[in-house]
Amino acid sequence: MSEKIKIVTTSDHTAIDLRKAVIAHLEARGFEVQDVGPMSTESTDYPKWGEKAARVVLAGDAQLGIAICGTGFGISLAANKLAGIRCVVCSEPYTAKLSRQHNNANMLAFGARVVGVDLALMIVDEFLNAEFEGGRHARRVNMISELEAGRSVC
Ligand code: RB5
């Protein structure tokens with residue numbers, strides 16, 4: 001039997017309910033979920049949650065990550081500071097799909113103040129259903145890694 005794909009989830013205080021809905025959806029779809037919190041609705045700083053989820057992905061303990069804050073921006077900016085993370089903010093399903101196919105995104109972010117539950121789940125589904133296409137896209141993603149390593153690609 002093939003192993004379940006593992007997804008790490010996180011958010012800040014703005015997105016506790018939406019994160020719970022995403023987790024329930026992922027589990028219903030048969031994914032294994034590692035949720036790194038937070039559990040409380042008390043105000044908290046999104047960078048630490050972005051980092052926690054990113055480290056799970058980088059360690060190979062989850063193939064993909066989903067991070068939610070008010071807009072999706074703060075938590076994605078934080079996650080993207082870790083080398084090897086390609087976290088995209090998506091507010092609709094089309095870019096979520098293309099971010100996997102072309103950019104090999106390994107984390108998805110969105111905003112609980114931007115999208116409702118139904119749209120969020122559609123975004124999640126497109127992200128998870130898509131696969132990296134490789135080829136010319138792999139060359140471009142490798143160029144991003146070069147930039148990350150401090151080398152010019154110009
Ligand atoms: C919290 O108020 C808010 O700033 C945060 O959730 C996020 O939107 C930041 O980018």
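FYI, the numbering just counts along the sequence from 1. Both ligands and their constituent atoms are indexed starting at 1 by order of listing.
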Novice: Are F110 and V124 packed together at the side-chain level, in the sense that at least one heavy-atom pair is separated by less than 4.5 angstrom?
Specialist: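 A side-chain contact under 4.5 Å exists here.
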
Novice: Short question: side chain of H102, backbone of H137 - any donor-acceptor pair under 3.5 Å?
Specialist: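 Between the backbone of H137 and the side chain of H102 there is no qualifying donor-acceptor contact (under 3.5 Å).
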
Novice: Show your reasoning for whether side chain to side chain donor-acceptor pair (under 3.5 Å) applies to W49 and T44.
Specialist: CA-CA 9 Å; W49 302 103; T44 186; 2.9 Å; yes

Novice: Are the side chain of R19 and the backbone of I68 linked by a donor-acceptor contact shorter than 3.5 Å?
Specialist: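 Not at all, since once roles are kept as given, no pair shorter than 3.5 Å links the two residues.
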
Novice: Strictly under 4.0 angstrom, heavy-atom based: which residues surround ligand 1?
Specialist: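 Correct list: D12, T14, Y46, C69, G70, T71, G74, R113.
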
Novice: With side chain to side chain donor-acceptor pair (under 3.5 Å) as the criterion, how do T9 and D35 come out once you've worked through the C-alpha distance, each side chain's angles and the decisive distance to 0.1 Å?
Specialist: CA-CA 5 Å; T9 54; D35 183 56; 2.7 Å; yes

Novice: Can you list everything that forms a salt bridge (charged side-chain N to carboxylate O under 4.0 Å, His left out) with R140? Sequence neighbours excluded, please.
Specialist: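 For R140 there are no salt bridge (charged side-chain N to carboxylate O under 4.0 Å, His left out) partners, ignoring immediate neighbours.
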
